[in-house]
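Input: a single structure, listed below in structure tokens.
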Number of protein chains: 2
Amino acid sequence: MTKKDAILQAATFLFARKGYKDTAMGELSKMTGAAEGTIFYHFKNKQEIFLAILRNLKDDILPEFERYRKVESEKTGLDMVEESISFYLYMTKTRENLFSILHQRYPYELAETNPECRDILEAIYNCFVDIFESAIISGQRDESIGDVPARKSALIVFSMVDSMVRFRMNNLYDVDALYNELIESCRRMLENRNNNQS
Amino acid sequence: MTKKDAILQAATFLFARKGYKDTAMGELSKMTGAAEGTIFYHFKNKQEIFLAILRNLKDDILPEFERYRKVESEKTGLDMVEESISFYLYMTKTRENLFSILHQRYPYELAETNPECRDILEAIYNCFVDIFESAIISGQRDESIGDVPARKSALIVFSMVDSMVRFRMNNLYDVDALYNELIESCRRMLENRNNNQS
DNA sequence: ATAAAAACCGACTGAGTACTCAGTCTAATT
DNA sequence: AATTAGACTGAGTACTCAGTCGGTTTTTAT
């Protein structure tokens, strides 16, 4: 691994664990073995490191979500919603640091002045909501899901799942204990009542 | 207003707008007209100011929520859930700064080492969830709400509403446009299907 | 009126910060 | 062997910050 990559990796770890502001360049230097000067040789400032992480995050996560969304499935749309929730929670577990960064204040603060940051965040969130919307639309086609506004409902499902992730990260509630009820709630929320196939 | 109160008020404003770490004691001093020494005369350090704000928040918000929860209503429990959501959103609007502080990283970080902070946060969140739980239980008594686990469902409703607040604060989505769908979703999620009274 | 106590002041401190820069090292090219 | 260019170094710089301290003003009690 190049030193540049090592710096990015360590920064991802530290920004996620301690936050952007609480991470000193000195720590980054110690953790990677790179001199502080080296860090600024590769990145013109601290903010640029953060943006590089966001770019990486986008390039890592978006394709995976896109790929998942396009997989043909024989399940009903309603079941696909459940699976999408499961997939999202799985992704947050395997990429804990990245999602932790997304749940901090700094990216949104930066987005207010930095259009690139704003664009990346928008792309990421749209992608998240898309997987739920796709499932809902597919469910409306196969009549497992009722006549709800697809995008808005997808946003609501996403908001529920994202809250669970936040609960977990902030040690507020035991999310595993809520998982089943979350799924059932979404089903009740979306299912087609004129269709007694389930 | 005493200088101490002015300091607390300004700190609430600044912590909410700029975050804990990004708020310098110097700003606090400028904003209140109090010398920096005065601030440390009233509070032994920055963290203590934060804790004082949290204590205030608890003493301000909890009684209001408790009072609201205990109001007898002739509405169905399902309607009360809707009203509770409305009440919560109203509270977040009238106390934007306080809720903004609750949505930051610092309180949860502090909670890991400071038991008082931990206790306050727990009390606040329990209180939030309680108003939804009360409505759900009441709805199960009057049969407007189905046989769902009350506490867990309350948590899920809360998670949805709390996400809306976060969306608003981070300028991610227009929450007003989602409000109606949020209410409808909750209704579908909770309503008693064996009861066609609505 | 006087003393004691509480509130307040702001210059100061020292630790920490992001970032710079003059120069070294390494490896490829001529 | 000499040159060059990119990767790297770490001491140094200018600055910010939370917190201190010696002293002054204001309030309260006697």
Mind checking whether B:Tyr68 and B:Phe65 have ring centres under 6.0 Å apart? no
Aromatic contact between A:Phe167 and B:Tyr125, with the criterion being ring centroids under 6.0 Å apart: yes or no? no
If two hydrophobic side chains count as joined below 4.5 Å and joins carry through other members, does A:Met80 share a cluster with A:Val129? no
Side chain [X], main chain [Y], donor-acceptor under 3.5 Å:
X: B:Thr23; Y: B:Leu14; answer: yes
X: B:Tyr108; Y: B:Leu102; answer: yes
X: A:Glu191; Y: A:Gly146; answer: no

Within this structure, what is the [atom1]-to-[atom2] distance between [X] and [N], rounded to whole angstrom?
X: B:Tyr20; N: D:dC17; atom1: OH; atom2: C1'; value: 12 Å
X: B:Met25; N: D:dT20; atom1: CE; atom2: P; value: 10 Å
X: B:Met1; N: C:dA7; atom1: CE; atom2: C1'; value: 16 Å
X: B:Lys30; N: C:dG10; atom1: NZ; atom2: C1'; value: 14 Å
X: B:Lys46; N: C:dG16; atom1: NZ; atom2: C1'; value: 13 Å
X: A:Glu27; N: C:dT17; atom1: CD; atom2: P; value: 7 Å
X: B:Asp22; N: D:dA18; atom1: CG; atom2: P; value: 10 Å
X: A:Leu28; N: D:dT9; atom1: CG; atom2: C1'; value: 16 Å

Under 4.0 Å, counting only non-hydrogen atoms across every strand here, what does [X] touch: a base, just sugar-phosphate, or nothing?
X: B:Thr32; answer: nothing
X: A:Lys4; answer: nothing
X: B:Thr2; answer: nothing

Is there a residue in residues 36-45 of chain A whose heavy atoms reach under 4.0 Å of DNA chain D, and which residues are they? A:Gly37, A:Thr38, A:Tyr41, A:His42
Show, in sequence, the C-alpha distance, side-chain angles and deciding distance for A:Arg95 and A:Glu64, and conclude whether the salt bridge (Lys or Arg N to Asp or Glu O under 4.0 Å) test is met. CA-CA 12 Å; A:Arg95 287 157 174 85; A:Glu64 283 232 42; 2.6 Å; yes
